[in-house]
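Below is one structure, written out as structure tokens, with a few remarks after it.
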Number of protein chains: 2
Amino acid sequence: MGKERYTIRDIADMANVSRGTVDRVIHNRGTVSEEAAKKVQEVLEKINYEPNLIARSLKAHKDHVIAVVIPDYSDDYYWRQCANGIHRSEKEFRQFGIFLQYFEYSKTPEDYNEKFSQAIALDPDAMLIAPVYYQDSLELFHRLEEKRIPYNLINTPIEEVAYHTFIGQDYRKSGRVAAQLMNALAPHDKKILVIHVEQHLENSTHLHEKEQGFKEFYNDHNITQPIEVFTFKEAQQLNDLRTVLPGTAGIFMTTSKTYLLADHMREHENIKVIGYDLIPKNVQQLKEGKIDILIHQNPISQGYDGISLLSDYLIYKKEVPKVKLLPLDIVVSENVDCYL
Amino acid sequence: MGKERYTIRDIADMANVSRGTVDRVIHNRGTVSEEAAKKVQEVLEKINYEPNLIARSLKAHKDHVIAVVIPDYSDDYYWRQCANGIHRSEKEFRQFGIFLQYFEYSKTPEDYNEKFSQAIALDPDAMLIAPVYYQDSLELFHRLEEKRIPYNLINTPIEEVAYHTFIGQDYRKSGRVAAQLMNALAPHDKKILVIHVEQHLENSTHLHEKEQGFKEFYNDHNITQPIEVFTFKEAQQLNDLRTVLPGTAGIFMTTSKTYLLADHMREHENIKVIGYDLIPKNVQQLKEGKIDILIHQNPISQGYDGISLLSDYLIYKKEVPKVKLLPLDIVVSENVDCYL
DNA sequence: TTTTTAATTGTTCTCGTGCACAATTTGTTT
DNA sequence: AAACAAATTGTGCACGAGAACAATTAAAAA
């Protein structure tokens, strides 16, 4: 039952109409008499028709260009991983007529704007974007919508715009997970620090989300341990920690700059550290015991899924989810290898 | 450069021969004059031809049957999850002519043998097998090899046989992860228990692997905390724990039966518990704080990948890896939702 | 040389969909 | 009723690979 796969021709025969009529009913284009439409509909419902996507894509075969707007990854391991995921998907879909154009912006809002604009000018069939700079993004996305270019977001969600799919983490939950782990590891009689290291904090709503989630957990469990929040724009500002570290039980770093802490913690070895991302410096410190836990943001999957979902949409017109949340992977030294 | 995609016709034109000749050279069948073969070869190498897989699979369209041999999952959440992954993949590939035949064995070696044999008798194009009973498997696998039926293994690796791909965890590492977490959570001045709950331990090499990995970690770090190992064939045997629990810091359960502990631990609330699998009873106890950590074995991915890899092989003749190791996901109450 | 056989090459059809175009039926106006 | 427009329905072809079949050429036997 239902196992057999029917073709347009089968349906036409069953409904005593021509293939063209069936086609018109399915795609409701052209004109069809009520009578014929009804007959076809009945057959369609009975057999639960699903079109042969292979044949469809063979016919509809045209090349599709996806523009990829991501940070320059020449000296950035995290974004290089993301790019690796993109490359893998690119390779897989190349034979289905998907071609990528890369626009890598150096990490300034100006260049982001510049490269993004270049990408739009290319008039691609779809776009994959890592919109690191929130403030500059809105106007650019409106231009995409005017041109009806579908686009996926990775890493940084932007609520206000009509993107296709967002692929990334639930950052509030991410913060909660960090808090639970911190609570399990760190003694309760000293204070906890939350540290942001980020040049453009005004753009980084997701860091704020992590902080909120972290505090939320402590609130929900009525833990009155003091939590202090610090924001550093530059690595060297971490020197200020010297006066803060004494009396600290654990530190939650909201970015991949977690490894920066190590230099400042030589006399504080038993402070627990929880941070983000499996970049080599972090992984090394994880293995050395200087970092206790890393939360993995799955950059490879972000890139891979970002392109795959767009490709499936372009080739097969598959429907795509609005949000694809990636798991909040907890990484310690013993399982780090299986995420690399 | 290399970006364009060439067709057989393009090649034929470039080499001044007919499409048929190009086809014969590519698949080296039939007879071709040396002269013509050389011309075609030259063109092929110059343009780095890759056939259009969509067109190929449209033409070559024949239905493939994959036999699925897994434990009966009517009252087993873990295997039902696995089946869900299989169903999802089935749905995705049905339109590409992949059909599944299920052979669910009740959990005895005899029925495993029986159902497995039935599956072979069906002469499927490929098989997906969860070979829970090691001892009975070898002969069955030899029969598959004689018939040249490709097969994937999930959940339980069997080293000696020529399977296509194994999809599952590295169980030794899995035990090591559990040990590291136990070491971080449980006090060091009391003993640690490792508990197997399994009817057919002689078949379950992977449980033994977990135990080995667990002890290995403690050895590697020169931790002299006592570790005691218990094996229970039946749930009720856990009553014996009463005398053992006092003086226990933590328990590592190697199977999904982790939830069975709770009933025996009412007076021992601060014993840390680490176990396996996100079955509802475990998840509930995780949220209630009765279980501290679960290691997720990704049954959904096991099923999904198991079928997907076979399908890609059958449809597109894609090459597949020998082993696909799934991550060792660490699950606590705050991130459990994103794995469900 | 003619006939037969083998070697090589060329042509055509199929897969299922989607779209353009052709053919037919229906309805309306003179 | 004839002429025409509008509505509806039917048909043919393309997509690219692959394989059966037909056609051509070359070589061997009569």
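All chains are named by letter (A, B, ...) in the order of the sequence lines, taking the proteins before the strands, and each is independently numbered beginning at 1.
Side-chain atoms of B:N155 and B:Q302 form a donor-acceptor pair, as typed in the model, at a separation below 3.5 Å. Side-chain contact of A:Y313 with A:H64: a donor-acceptor pair under 3.5 Å is absent, judged by distance alone. A:S18 and A:T21 share a side-chain donor-acceptor pair at under 3.5 Å. Checked by atom type, the side-chain pair B:Y339/A:D329 shows a donor-acceptor distance below 3.5 Å. B:E145 and B:Y151 share a side-chain donor-acceptor pair at under 3.5 Å.
Across all strands shown, A:N52 has heavy atoms under 4.0 Å from sugar-phosphate atoms exclusively, and none from any base. In this structure, B:R29 reaches the sugar-phosphate backbone alone: every heavy-atom distance under 4.0 Å involves primed, P, OP1 or OP2 atoms, never a base. Residue B:I8 is in sugar-phosphate contact alone, with no base atom involved, counting any heavy-atom pair closer than 4.0 Å across all strands shown. B:T7 comes within contact range of the sugar-phosphate backbone alone, with a heavy-atom separation under 4.0 Å but no base atom that close.
Note: CG (A:L53) to P (C:dC15) measures 19 Å, nearest angstrom. The CD1-C1' distance, from B:I54 to C:dC15, rounds to 14 Å in whole Å. The separation between B:R9 atom CZ and D:dA17 atom C1' is 12 Å, rounded to whole Å. A straight line from OH of B:Y6 to P of D:dC15 spans 18 Å, rounded to a whole angstrom. For the pair B:I26 CD1 and D:dG16 P, the computed distance is 14 Å after rounding to whole Å. Between the CG atom of B:D23 and the C1' atom of D:dA19 there is a distance of 7 Å, rounded to whole Å. Computed from coordinates, the B:E35 CD to C:dT9 C1' distance equals 12 Å when rounded to whole Å. At whole-Å resolution of the value, CD in A:E34 and P in D:dT9 are 11 Å apart.
Nearer to the 5' terminus of DNA chain D, by closest-nucleotide assignment, is the contact made by A:S18 (compared with the other of A:S18 and B:K59). If B:T31 and B:L58 are placed on DNA chain C by their nearest nucleotide, the residue sitting closer to the 5' end is B:T31. Taking for each of A:G20 and B:R19 the nucleotide of DNA chain C with the nearest heavy atom, the 5'-most of the two is the partner of B:R19.
Taking only side-chain nitrogens and oxygens, B:Y49 comes nearer than 4.0 Å to OP1 or OP2 of D:dA17. Contact check, B:R56 against D:dG18: a side-chain N or O comes under 4.0 Å of OP1 or OP2. Side-chain N/O atoms of B:T21 include none lying less than 4.0 angstrom from OP1 or OP2 on C:dT8. OP1 or OP2 of C:dT9 sits under 4.0 Å from a side-chain N or O of B:S33.
Contact of A:R24 with C:dG18 (side chain to base): no donor-acceptor pair of N or O atoms is detected under 3.5 Å.
Counting only distance, with no hydrogens or angles, the side chain of A:D111 and the backbone of A:Y105 share no donor-acceptor pair below 3.5 Å.
Considering only the side chain of A:A36, D:dT9 comes nearest among D:dT9, D:dG16, C:dT9.
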